[in-house]
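See below for the structure under consideration.
It should be emphasised that the depicted structure is a prediction, and the values quoted were computed from it without experimental measurement. Within every chain, numbering begins at 1; the chains are lettered A, B, ... in the order of the sequence lines, protein sequences first and strands thereafter. When reading the values below, keep in mind they use all heavy atoms of this one structure, side chains included, and skip hydrogens, waters and symmetry mates.
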Amino acid sequence: RCSAPRTEATTCRPPFHNLQELRHSASLANKVFIQRDYSEGTTCKFQTKFPSELESRIERTLFEDTVKTLNNFYAEAEKIGGQSYLEGCLACVTAYLIFLCMETRYEKVLKKIAKYIQEQNEKIYAPRGLLITDPIERGMRVIEISIYEDRGSSSSSSGSSSVSGSTAR
Amino acid sequence: MHLGESMRECEYSQISTRSSTPMETPYKKRTPKKRKWEAFPGRNKFYCDGRIMMAKQTGVFYLTLFLILVTCGLFFTFDCPFLALQLTPIIPVVGGALFLFVLGTLLRTSFSDPGVLPRATPDEAADLERQIDVANGSTGYRPPPRTKEILINGQTVKLKYCFTCKIFRPPRASHCSLCDNCVERFDHHCPWVGNCVGRRNYRFFYMFILSLSFLTIFIFAFVITHIILRSHRSGFLSALKDSPASVLEVVVCFFSVWSIVGLSGFHTYLISSNQTTNEDIKGSWSSKRGKDNFNPYSYGNIVTNCCAALCGPLPPSLIDRRGFIESDAPQLAPPTNGITTYGATHSQQSHMCDQDQCIQSTKFVLQAAAIPLLQQQSSEPVILTTSPDNGMSLPGRTPLALVGPCTSLPLGQPTPPTSTPSLSCHEAVDMQLIHGHTYALNHSHYLTPEEVPSPPGMLPCSSPLSHGVPASLYDPASQDSLHEDSVRGLVKLSSV
């Protein structure tokens, strides 16, 4: 499998203290995509299955917590209940002009999500050489997690070999 | 010519979204920052700097607008004064309110994003391709089925792979061939409204047809009342002479009422059963398909279904039309599997109905033959070029180097093997393709047009660019006769 790049990764994983440092001193090695879970319909929910590429980079529980929290946020945004009906009827009555001055509940929750992801990146993922991309930037289809390697090492070869390693899997 | 337009579009989007070669970078640096709508890969039109989004053909929309404005204008000018005096002034007030509501919902339906799904980033597409190859087993010549079966609330649903957008379509999404986009909860493409009707604008569309039915009935009823009242005074014919506009209004309203009221009724049924027009037409949840077939999205009762469709939360637009294009987004090294790199150039060229199974199978067939071929190559990245010269300069690398005009093979969904016309196409082949469809080609027999639909505007295989390709390209393939046959077969297939 890809044990060779793994050992390289563990020996040269740099302590990134913030996102800026991560972007400047590391190079992109691989990207993992967490796909959507459609078992409950078309509501936005991501799979909590732990991808094998992250096994050496982050603890399973931390990853699952992040995904579960994101799923909860999206469920809150898409919840159909009293508040959403009120918003819908009010908007209909005012011919949707009310959205010029007020933002929808979905948009409010999306802002919360963006803040949460930023916070998670800074506290948990960047120190481990990982970066989460907000799903809204990928059409709500995937949670893209970028895996960074220290630029000092033979990053390009480790990058391509980790890619081909995952193909061989 | 649409072909030329597509070529221009595909070159343009290639520059803006991919990490650049040295040739492209200086070009990118010189241009000012562009907004994302300017590089949008679909066939939509944008106005007001990306705020307004419509389909390509908007002629019928202007007709709709014209009919509504003219009919209401005539009503307010000629009938309302009489009715306000004779009956009550509430009539023009109600009429005016209805008219404004109709206009508002029409514009909202036409101008908003119906729920377009953005196309996959190159990394995402590469990852998906890898997963499909791994799931398939790298040894098989069997082409990947490109469908995924999932269980939604106990009902099995098939997710199809969209070759244009390079994603597995979420449930209820569909690819609109007119707009060349995948749209979430795709209902239908409405030419009257000049846009697709999907998740984000379905409620506006429903409100539009509902209020338009009320308006049409309202105008029809009151114009008839007007004529009747007048004819009590001065006789029928002189009543018609006094207000000729009424005749026109009656005619327009009479024909509209049947269609619009019928459409409103149909959509009311769809909303109450939580189905889309697409699903209803295909009979996806009909009990005729199977005893256990049921609609997994329905909430069970009519009221909840209606409320969910009309008063549910409005999701945001996923395509970010007015954002600026980031030219320095980090990307992975070009994928070792060369399949995905071709999609970028072909994404603008599909203008075929996605639901044509025959064409899908053709794609699978072409892909099947290409996959083993590509995997035989070294793990060097496949270099993608669009100029004829570059194609010539890569003889020993890969047989699938892209050569200029041959890329404009509008076989609908883009797949890498559409570049194979660059290979010289001499002899006819025997080819047996595995995927349910079997095409047997005798030595001088090409596929009939009925078997493989010939796409319009296709360039002939015998373009001058193909002649210069050296025979050394066949070396990897010739080691395996089946590969060689497949490659030549691809050429034959694509030349039909």
* chain B heavy atoms under 4.5 Å from A:Glu87: which part of the residue, side chain, backbone, both or neither? -> neither
* Check whether A:Leu86 gets within reach of chain B through its side chain, its backbone, both or neither, counting any heavy atom under 4.5 Å. => neither
* Pick one of side chain, backbone, both or neither for B:Leu159, based on which atoms fall under 4.5 Å of a heavy atom in chain A. => side chain
* Structure fact -> The interface call for B:Pro296 against chain A, heavy-atom contacts under 4.5 Å, is neither
* Asked: Given the options A:Ala91, A:Ser84, A:Cys92, A:Ser146, which has more heavy-atom pairs under 4.5 Å with chain B than any of the others?
  -> A:Ser84
* To do: Without swapping roles, check the side chain of A:Thr48 against the backbone of A:Glu64 for a donor-acceptor pair under 3.5 Å.
  => no
* For the residue pair B:Tyr161 and B:Phe163, categorise the inter-ring angle as parallel (less than 30°), tilted (30 to 60°) or perpendicular (more than 60°). => perpendicular
* Asked: A:Arg141 side chain to B:Pro118 main-chain N or O, any donor-acceptor pair under 3.5 Å?
  -> yes
* To do: Check the side chains of B:Asp127 and B:Gln131 for a donor-acceptor pair under 3.5 angstrom, ignoring hydrogens and angles.
  => yes
* **Which atoms of B:Arg185 approach chain A - backbone, side chain, both or neither, heavy atom under 4.5 Å** => neither
* Structure fact -> Max heavy-atom pairs within cutoff under 4.5 Å with chain A, candidates B:Asp320, B:Leu117, B:Ile167, goes to B:Ile167
* Asked: By a 4.5 Å heavy-atom criterion (distance strictly below it), what part of B:Ala173 contacts chain A: side chain, backbone, both, or neither?
  -> neither
* To do: Step by step, work out the salt bridge (charged side-chain N to carboxylate O under 4.0 Å, His left out) result for A:Lys45 and A:Glu40.
  => CA-CA 8 Å; A:Lys45 194 172 172 221; A:Glu40 286 173 21; 3.3 Å; yes
* Sort B:Leu151 into side chain, backbone, both or neither according to what part of it lies under 4.5 angstrom from a heavy atom of chain A. => backbone
* Would you call the rings of B:His267 and B:Tyr202 parallel, tilted or perpendicular if under 30° counts as parallel and over 60° as perpendicular? -> tilted
* B:Asn274 backbone acceptor or donor facing B:Asn295 side chain under 3.5 Å -> yes
* Structure fact -> Applying a strict 4.5 Å limit to non-hydrogen atoms, the region of B:Phe168 in contact with chain A is neither
